[in-house]
Amino acid sequence: MPRDIPIEYVRNIGVIAHIDAGKTTVTERILYFTGRTYKIGEVHEGTAVMDFMDQERERGITIAAAATTAEWRDHRVNIIDTPGHVDFTVEVERSLRVLDGGIVVFDAVAGVEPQSETVWRQADKYRVPRLCFINKMDRVGADFERTLDMIADRLGMLPVPVQMPIGAEEDFGGVVDLIAMRAWTHTGKRDEPPVEGPIPPALEADAARWRDTMLERLAEHDEQIMISYLEGHELGLDEIRKAVRRGAIANEFTPVFCGAALKNMGVQRLLDGVVDYLPSPIDVPAITARQPDGTEVERPSDDDAPLAALAFKIVTDPYVGRLAYTRVYSGVLRSGDSVTNTSRHKQERIGRLLRMHADSREEIDEVYAGGIAAVIGLKDTFTGDTLAPKGDPVVLEDISFPDPVVSVAIEAKSKPDQDKMSQALRKLAEEDPTFVAAYNEETGQTIISGMGELHLEVIVDRMTREFRVGCNVGRPQVAYRETVRRAAEQETRFVRQTGGRGQFAHVILRVEPLPPGSENEFENEVRGGAIPQQYIPAVAKGVDQAQRNGVLGGHGVVDVRVTLLDGNHHEVDSSEMAFTTAASICFQEAMRRAQPVMLEPIMKLEISTPESFVGDVVGDVAARRGQVHGVEARGAVQIVGAMIPLAETFGYTTALRSMTQGRATSSMEFDHYEEVPAAVAEAAAKA
């Protein structure tokens with residue numbers, strides 16, 4: 001069956017932003033104006049189509065990325081609405097990995113907020129072209145120019161405004177298209193479309209100034225525009241739009257739109273921008289894949305090329321079972337096909353293919369290059385796995401995820417609950433790579449770990465509601481780490497004689513610190529065959545096992561290099577198990593001599609508060625071992641920036657509301673690990 005829409009008419013986009021900037025509200029309007037829904041859903045009323053989980057509707061936030069498809073100007077727009085809360089950053093990471101473009105939503109009052117920076121850096125990582133939409137222009141304190149300056153200063157990206165607002169705050173009445181030099185005004189009635197007309201005389205000078213700014217910035221990056229601009233030639237509308245498209249796709253700058261999504265203002269023009277300026281699958285570089293022998297090959301966005309698809313999200317659907325959201329980069333994926341999961345060397349059969357619309361679904365027969373769909377029937381496929389033909393196996397680059405920072409102990413209320421809990425934890429861990437469940441044999445507890453308090457709260461809530469598991473939860477615990485401050489060497493001989501064949505291994509290890517944020521390293525410097533090559537992996541395995549449980553509090557060890565210097569073996573008694581055991585013991589002894597220290601996660605905290613409460617807020621941060629880095633005025637509020645240990649943030653939102661009469665808000669994200677003060681480390685080790 002032929003493709004129903006040309007690939008150049010396909011747009012795969014994500015909507016990303018800081019929490020509460022209006023991502024889901026923008027997406028709901030896109031669905032309404034494209035005719036995908038007949039009624040606008042509202043986040044604050046719990047009726048948003050894209051926020052379909054009970055936990056999302058109760059909290060008024062997006063928790064899981066939701067996919068949908070809409071049509072605009074004969075183009076198919078595949079949209080993923082992502083969460084803004086830092087605890088659910090995994091959803092943004094894996095969505096951006098498979099998208100060709102993005103809409104970054106900013107609050108016109110708050111400007112560039114902490115999580116805005118985080119999602120922007122994630123988009124930079126995957127070189128995703130973006131449009132900026134400055135939302136909430138109707139709010140008190142909205143400032144278009146200040147937000148543009150913050151985009152340039154904080155994000156390091158050149159903003160090119162292709163629109164300017166007509167008024168601001170309660171006087172916001174529409175936008176001026178700086179390319180066509182036409183005004184799109186709104187009557188104020190939500191369901192009436194914007195009216196195109198001439199620019200109001202009072203705004204003509206401002207519009208001319210903004211247009212000059214736009215053309216100057218385009219000329220800096222586009223030779224054709226520069227020549228025409230310098231020679232004073234009149235630029236055609238198509239010429240300008242093509243230049244904006246070229247620069248946006250090359251990530252040289254980002255076109256900026258504005259509006260007020262809650263009042264249905266500016267969204268139709270934003271959709272025009274998606275079609276005009278964001279890339280189709282053939283406008284971005286071909287994906288690079290790796291063959292079994294390590295050779296790199298390209299897989300172009302072409303239906304006739306061999307299949308290369310990436311599973312980027314696993315979901316347990318209560319009605320249809322296990323879904324694998326998949327992006328097809330090349331070739332065609334058809335229901336009934338047999339494919340190879342090249343990441344895990346497993347054969348899979350494609351059961352059914354679904355085009356998702358939030359939590360509803362439409363069955364389709366095939367997915368062409370550049371398409372996104374959910375696959376039913378994949379039993380051994382997980383997030384980041386590649387699907388390819390059996391005769392042409394390639395592996396696409398995996399998706400990397402941050403380590404969990406918060407843990408809690410969880411226990412089932414009864415024996416039947418215990419069985420259900422194990423199954424629930426397995427399914428939830430399949431869905432979310434930043435959620436980890438492990439059984440602690442020493443304490444007999446099941447420990448679940450995630451990206452924050454809210455993350456774990458939602459996990460437990462889902463276990464109770466979706467999987468009907470009765471469970472008790474302990475207090476949150478910080479995921480500490482351990483490292484060393486100096487180098488040390490250790491020699492260990494492991495000898496066991498049991499009457500028959502014994503166990504013998506002799507190793508000498510050096511442990512030394514690496515810069516913060518490094519990966520642990522293992523090096524082999526043994527010469528002359530003192531330890532046969534076949535036992536070297538066993539030594540590395542023993543070191544790796546020992547690094548999972550440090551010597552101070554049993555926490556994971558980070559930022560260390562371990563070097564195998566020398567050793568010995570016995571022709572009969574040596575074995576892989578003996579060298580694994582010897583290496584594990586040797587590493588722990590060496591670490592004890594290398595000045596071990598505990599590290600704790602430090603969070604970047606930003607608090608928005610009325611000026612009258614700044615003193616109380618700063619004092620409270622200091623009392624929590626935090627360091628205030630600055631206080632700046634932003635509109636009518638003061639923004640306090642600080643670094644604070646994660647251990648001191650549990651319950652912080654409630655405490656902040658108490659001390660500011662509910663008028664302050666805060667957001668935080670993980671920043672780095674730092675050495676724990678001695679007194680705190682001692683208490684944490686005993687806990």
Side-chain angles (χ1 to χ4, degrees), residues 403 438 440-443 479-600 673-678 681-682 684-687:
D403 292 330
N440 188 320
E441 293 183 358
E442 292 182 13
T443 62
Y480 292 102
R481 297 285 185 268
E482 297 180 23
T483 191
V484 298
R485 285 290 178 249
R486 62 184 179 85
E489 293 184 10
Q490 178 67 32
E491 180 175 0
T492 297
R493 293 168 65 88
F494 178 72
V495 182
R496 291 287 185 276
Q497 292 296 337
T498 56
R501 179 177 173 179
Q503 296 286 342
F504 178 86
H506 175 210
V507 296
I508 301 175
L509 297 179
R510 180 174 65 233
V511 174
E512 55 192 319
L514 288 173
S518 306
E519 295 284 332
N520 287 343
E521 296 178 7
F522 176 80
E523 294 183 358
N524 173 29
E525 291 187 359
V526 174
R527 298 291 179 266
I531 299 178
Q533 197 64 35
Q534 70 206 58
Y535 294 132
I536 302 301
V539 175
K541 180 182 176 183
V543 169
D544 181 62
Q545 288 176 351
Q547 286 175 341
R548 295 176 194 174
N549 298 289
V551 298
L552 295 178
H555 309 291
V557 178
V558 296
D559 305 335
V560 298
R561 177 189 289 122
V562 180
T563 306
L564 176 59
L565 300 173
D566 203 354
N568 210 336
H569 74 290
H570 189 280
E571 292 293 343
V572 176
D573 290 347
S574 286
S575 65
E576 290 185 2
M577 187 179 78
F579 274 99
T580 297
T581 306
S584 182
I585 295 169
C586 189
F587 173 78
Q588 290 187 324
E589 291 300 322
M591 189 172 172
R592 287 191 179 94
R593 299 174 57 189
Q595 196 181 335
V597 293
M598 276 178 61
L599 305 175
E600 63 180 340
Y673 277 96
E674 203 169 274
E675 188 172 334
V676 182
E682 190 176 333
K686 291 176 181 176

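Any value given below was found using the heavy atoms of this structure, including those in side chains, with hydrogens, waters and symmetry copies removed. Treat the numbers as computed from the prediction; the structure is a model and nothing was measured. Residues take their numbers from the sequence shown, with the count starting at 1.
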Chemist: Which heavy atom in Pro513 sits nearest to a heavy atom in Val484, and how many Å separate them?
Modeler: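 Taking Pro513 first and Val484 second, the nearest heavy atoms are CB-O, 3.3 Å.
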
Chemist: Can you check side-chain contact (heavy atoms from CB on, under 4.5 Å) on Leu565 and Val526, steps first, answer last?
Modeler: CA-CA 5 Å; Leu565 300 173; Val526 174; over 6 Å; no

Chemist: Can you tell me how far apart CD (Gln547) and CZ (Phe587) are? Round to the nearest 0.5 Å.
Modeler: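 The CD atom of Gln547 sits 4.5 Å away from the CZ atom of Phe587.
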
Chemist: Is a donor on one side and an acceptor on the other found under 3.5 Å between the side chain of Asp559 and the backbone of Leu514?
Modeler: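 Between the backbone of Leu514 and the side chain of Asp559 there is no qualifying donor-acceptor contact (under 3.5 Å).
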
Chemist: As an exercise, state the distance from CD of Gln545 to OG1 of Thr581, rounded to the nearest 0.5 Å.
Modeler: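 Between Gln545 CD and Thr581 OG1, I get 8.0 Å after rounding to 0.5 Å.
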
Chemist: Are Glu512 and Arg510 close enough for a salt bridge, meaning some N to O gap below 4.0 Å?
Modeler: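 So Glu512 pairs with Arg510 through a salt bridge.
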
Chemist: State, to 0.1 Å, how close Leu564 and Phe522 come at their nearest heavy-atom pair, and which atoms those are.
Modeler: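 Looking at all heavy atoms of both residues, the closest pair is CB-CZ, 4.1 Å.
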
Chemist: Going from OG on Ser584 to CD on Glu589, what distance comes out if it is rounded to the nearest 0.5 angstrom?
Modeler: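 Ser584 OG to Glu589 CD: 10.5 Å, rounded to 0.5 Å.
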
Chemist: Give, for atom CG of Asn568 and atom CZ of Phe504, the distance between the pair rounded to the nearest 0.5 Å.
Modeler: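 It comes to 5.5 Å.
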
Chemist: To the nearest 0.5 Å, what is the distance between OG1 (Thr483) and CE (Met591)?
Modeler: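 Rounded to the nearest 0.5 Å, the OG1-CE separation comes to 6.5 Å.
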
Chemist: Is Arg593 reaching over with its side chain to a backbone N or O of Glu489, donor-acceptor style, under 3.5 angstrom?
Modeler: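 Yes, because the side chain of Arg593 sits within donor-acceptor range (under 3.5 Å) of the backbone of Glu489.
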
Chemist: Looking at every non-hydrogen atom in both residues, tell me the closest pair between Asp566 and Ala530 and how far apart they are.
Modeler: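 Heavy atoms of Asp566 and Ala530 come nearest at OD1-CB, 3.6 Å.
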
Chemist: How close do Val558 and Asn520 get, counting heavy atoms only, and between which atoms?
Modeler: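 Minimum heavy-atom contact is C-OD1, 3.2 Å.
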
Chemist: Should the pair Tyr535 and Phe579 be assigned to parallel (<30°), tilted (30 to 60°) or perpendicular (>60°) ring geometry?
Modeler: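 Rings of Tyr535 and Phe579: parallel, under 30°.
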
Chemist: How far does CD of Glu523 sit from CD1 of Ile536, to the nearest 0.5 angstrom?
Modeler: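 That separation rounds to 13.0 Å.
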
Chemist: Short question: side chain of His569, backbone of His506 - any donor-acceptor pair under 3.5 Å?
Modeler: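 Side chain of His569 to backbone of His506: no pair is present.
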
Chemist: Under 3.5 Å, is there a donor-acceptor pair between the Gln503 and Ser575 side chains?
Modeler: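 There is such a pair (donor and acceptor under 3.5 Å, judged by atom type) between the side chains of Gln503 and Ser575.
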
Chemist: Apply side-chain contact (heavy atoms from CB on, under 4.5 Å) to residues Val597 and Val676 and explain how you reach the verdict.
Modeler: CA-CA 8 Å; Val597 293; Val676 182; over 6 Å; no

Chemist: Under the side-chain contact (heavy atoms from CB on, under 4.5 Å) rule, what do Met598 and His555 come out as? Steps first, then yes or no, please.
Modeler: CA-CA 8 Å; Met598 276 178 61; His555 309 291; 3.8 Å; yes

Chemist: Answer yes or no: is there a donor N or O on one side and an acceptor on the other, between the side chain of Glu482 and the main chain of Gly553, under 3.5 Å?
Modeler: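 Yes; judged by distance alone, with no hydrogens or angles, the pair exists.
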
Chemist: Which atom pair, heavy atoms only, marks the closest approach of Ala488 to Ala594?
Modeler: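 It is CB-CB, 3.7 Å.
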
Chemist: Determine the minimum heavy-atom distance between Ala590 and Gln490, stating which atoms define it.
Modeler: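 Shortest heavy-atom separation between Ala590 and Gln490 comes out as CB-CB, 3.6 Å.
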
Chemist: Donor-acceptor check, side chain of Thr580 to backbone of Glu576, threshold 3.5 angstrom: yes or no?
Modeler: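 Yes; at least one donor-acceptor contact below 3.5 Å.
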
Chemist: Looking at Pro515, is its backbone amide N or carbonyl O close enough to the side chain of Ser518 to form a donor-acceptor pair, meaning the two atoms are under 3.5 Å apart?
Modeler: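 Indeed, once roles are kept as given, a pair shorter than 3.5 Å links the two residues.
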
Chemist: Is the shortest distance from a Lys or Arg side-chain nitrogen in Arg485 or Glu675 to a carboxylate oxygen in the other one below 4.0 Å?
Modeler: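 Looking at Glu675 together with Arg485, the answer is yes, because their closest N to O distance falls below 4.0 Å.
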
